[in-house]
Amino acid sequence: MSAVIVVGAQWGDEGKGKIVDLLSQTAQWVVRFQGGNNAGHTLVVRGEKRVLHLLPSGILHPNVRCGIGPGVVLDPEVLFGELESLSASGIEVEPERLRISDAVPIILPMHREIDKLREQRLGDGKIGTTGKGIGPCYEDAIGRRAVVARDLTSRERLAKALARIGDDATSLLRSLGAPPPDMDAITARYAAIGQRIAPYLDDVGARIDEALARGEHVLLEGAQGTLLDVRHGTYPFVTSSHTVAGGACTGLGIGPTRIDRVVGVVKAYATRVGSGPFPTELNEAIGQRLRDIGREYGATTGRPRRCGWLDLVALKHAVRLNGLTGIFLNKIDVMSGLDRIAICTGYRANGEVLRDFPGHSTDLAEVEPIFEWMDGWQEDIQGIRHFDDLPLTTQRYVRRIEAFLGIGVDLISVGPDRDESIVLRDTWPQQLARH
């Protein structure tokens, strides 16, 4: 068996979609285990760009089966929109190729409304959510009142589940100055959705356990990034789920002894969407240059991403939290043309030097980064496929990252397309020899 977790090691938007799509060429299963349609994974295949929000990034491979675990929150209308978009492109996804946990919490119209109204009320102190209803749906799941996918398959069960949630939603909406939800309309709408989603529902954790018993390759695909984890990120500027590798087991329903490797996807610089501390942020021309060349705009919201130098202290924090066995380094081609490149190797706070990540947003907002400067490179590296062919300064940049983190770089991405990659080490555990 081989189970590999792929997680974002920064603030999300590291390019996980490309990596999962690439690894899916030799996988039998790809499964999402947390988050919702607040994540956008961008894939470029032979120059054609596609953005997925709910479907696992392996869905473009016709021989790969995909799953959505119970740790995800599901907006079924977004799901069917993605399936219809794929169908229009000639990619049909039948139920036998896409299995959805029957325990997955369902995002309802009032979740989206509550999400948006709360952000409006917070004003300048807003978290920066996508307004997709993700947080409120997770709240209902933790509060034991969520509507889950299997409730949609019976109108009687759906009515009982909506009754469970209706009073709380009504009270909350009224406190935010909004009218109560129309529960009759919601019942009719989601009963119809239930008939459509029923063929896809399954015990996804059990299916993955069976696949591993058969010796199949399984990729567990995370959304967002480590520093947005609801417990371990830059709280309160975080998402509402566990984005770290440990969330894969609880968000899918398999034990930790099933996991073989944990790969962290890292951008060669740093970006962040929304509010929250960002020590290495660049607010001048270089930051705008990275944004323009790297096309750093949110795949879900279109918002411009904040850009900055690579923060190795935060990355080492991610290595520990996830137990990373290797990293995939993305978008190093975007840094071509810079004369000098900075990397953060520590922080200063209250006259002291910190070599460890503070772990709390209030502390992180007060730190000053300590930078180490390296020579950049002018060459266009997008066509390079072997590490030794990279400019020496690029090679030194990669090796400095490895030395600081204490783990190896398995793959270097030198362009957005699936094939624009330099493989240093195969990902699947039985093929770990370096090339």
Side-chain angles (χ1 to χ4, degrees), residues 8-11 13-16 18-19 22 42 44 47 263-272 278-297 304-316 318-319 324 326-346 369-425 434-435:
Q10 295 160 298
W11 279 283
D13 309 306
E14 300 94 348
K16 296 178 292 298
K18 170 185 173 171
I19 299 305
L22 181 65
T42 303
V44 180
V263 177
V265 183
V266 176
K267 201 174 285 183
Y269 46 98
T271 62
R272 178 165 195 165
F278 187 9
T280 64
E281 184 170 9
L282 291 164
N283 293 309
E284 65 277 1
I286 293 178
Q288 187 60 48
R289 181 185 185 281
L290 292 173
R291 184 178 300 113
D292 291 341
I293 296 176
R295 300 174 184 175
E296 297 295 352
Y297 297 88
R305 296 172 184 146
R306 301 154 65 192
C307 296
W309 296 121
L310 185 63
D311 189 335
L312 291 181
V313 182
L315 268 182
K316 199 160 190 176
V319 171
L324 296 184
I327 63 174
F328 282 19
L329 189 63
N330 270 340
K331 287 197 167 183
I332 200 166
D333 55 297
V334 173
M335 303 183 77
S336 293
L338 294 174
D339 293 326
R340 299 179 75 213
I341 295 171
I343 52 176
C344 174
T345 58
I370 298 172
F371 287 121
E372 177 182 311
W373 289 89
M374 303 183 69
D375 291 334
W377 56 92
Q378 301 301 314
E379 297 91 334
D380 179 359
I381 63 174
Q382 198 162 343
I384 293 175
R385 296 295 177 268
H386 299 283
F387 183 79
D388 291 342
D389 294 334
L390 289 169
L392 287 177
T393 47
T394 314
Q395 295 182 37
R396 292 187 189 115
Y397 187 66
V398 174
R399 296 308 186 201
R400 181 67 181 105
I401 293 170
E402 290 183 317
F404 190 97
L405 299 181
I407 59 172
V409 172
D410 293 352
L411 179 144
I412 302 169
S413 173
V414 293
D417 200 279
R418 172 193 293 169
D419 298 324
E420 293 176 322
S421 304
I422 299 170
V423 178
L424 299 178
R425 185 170 66 159
R434 281 193 174 271
H435 297 314

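Side chains are part of it too, since the values below use all heavy atoms of this structure and drop only hydrogens, waters and symmetry mates.
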* Rounded to the nearest 0.5 Å, what's the gap from OG on Ser421 to CD1 on Ile384? Could you check? => 13.0 Å

* So how far is it from Arg305 CZ to Asp13 CG, rounded to the nearest 0.5 Å? -> 3.5 Å

* Please report the shortest heavy-atom distance between Phe404 and Val313, naming the atom on each side. => CE2-N, 4.1 Å

* Asked: For Leu411, which of Leu329, Ile19, Val263, Ile327 qualifies under side-chain contact (heavy atoms from CB on, under 4.5 Å)?
  -> Ile19

* Taking Gln10 for its side chain and Thr271 for its backbone only, find out whether a donor-acceptor pair lies under 3.5 Å. => no

* Any Glu281 side-chain heavy atom under 4.5 Å of Pro369 side chain -> no

* To do: Please report the shortest heavy-atom distance between Ile381 and Pro391, naming the atom on each side.
  => CG2-CD, 3.6 Å

* Asked: Given Asp292 and Tyr297, is the side-chain contact (heavy atoms from CB on, under 4.5 Å) satisfied, shown in steps?
  -> CA-CA 9 Å; Asp292 291 341; Tyr297 297 88; 3.6 Å; yes

* Does any N or O in the side chain of Lys331 come within less than 3.5 Å of the main-chain N or O of Ser413, such that one atom is a donor and the other an acceptor? -> no

* Structure fact -> All heavy atoms of Arg418 vs all of Leu22, minimum pair found to be O-CD1, 3.3 Å

* **Distance (rounded to the nearest 0.5 Å) between Arg289 CZ and Leu338 CG** => 4.5 Å

* Asked: So how far is it from Arg385 CZ to Leu390 CG, rounded to the nearest 0.5 Å?
  -> 10.5 Å

* **salt bridge (Lys or Arg N to Asp or Glu O under 4.0 Å) against Arg291, all qualifying residues, sequence neighbours excluded** => none

* Any side-chain donor paired with an acceptor under 3.5 Å for Trp377 and Ser336? -> yes

* **Residue from Gln288, Arg272, Arg306, Lys267 passing side-chain contact (heavy atoms from CB on, under 4.5 Å) with Glu296** => Lys267

* Atom of Trp309, atom of Thr280 and distance for their closest heavy-atom approach -> O-OG1, 2.7 Å

* Asked: Of all heavy-atom pairs between Asp339 and Gln378, which one has the smallest distance, and what is that distance?
  -> OD1-NE2, 3.0 Å

* Nearest heavy atoms of Asp311 and Cys344, plus distance in Å -> OD1-SG, 3.7 Å

* Atom CZ of Phe371 and atom CD1 of Ile341: how far apart are they, to the nearest 0.5 Å? -> 13.0 Å

* Asked: Got a donor-acceptor contact below 3.5 angstrom from the Glu402 side chain to the Val409 backbone?
  -> yes

* To do: Please tell me if the side chains of Phe387 and Val398 come closer than 4.5 Å, counting only heavy atoms from C-beta onward.
  => yes

* **Non-neighbouring partners of Arg295 that pass side-chain contact (heavy atoms from CB on, under 4.5 Å), sequence neighbours left out** => none

* Report the C-alpha separation of Tyr397 and Ile332 in whole Å, then their side-chain angles, then the decisive distance to 0.1 Å, and conclude whether the side-chain contact (heavy atoms from CB on, under 4.5 Å) test is met. => CA-CA 10 Å; Tyr397 187 66; Ile332 200 166; 4.0 Å; yes

* Structure fact -> CZ (Arg340) and CD1 (Ile286) are apart, to the nearest 0.5 Å, by 9.5 Å

* To do: Could you tell me whether a side-chain N or O of Asp410 sits under 3.5 Å from a main-chain N or O of Gly326, the two making a donor and an acceptor?
  => no

* **Set of residues satisfying side-chain contact (heavy atoms from CB on, under 4.5 Å) with respect to Lys16, sequence neighbours excluded** => Glu14, His41, Val265

* **Side chain to side chain, Ile422 and Asp389, heavy atoms closer than 4.5 Å** => no

* Is the backbone of Gly415 close enough, under 3.5 Å, to the side chain of Lys18 for a donor and an acceptor to pair up by distance? -> yes

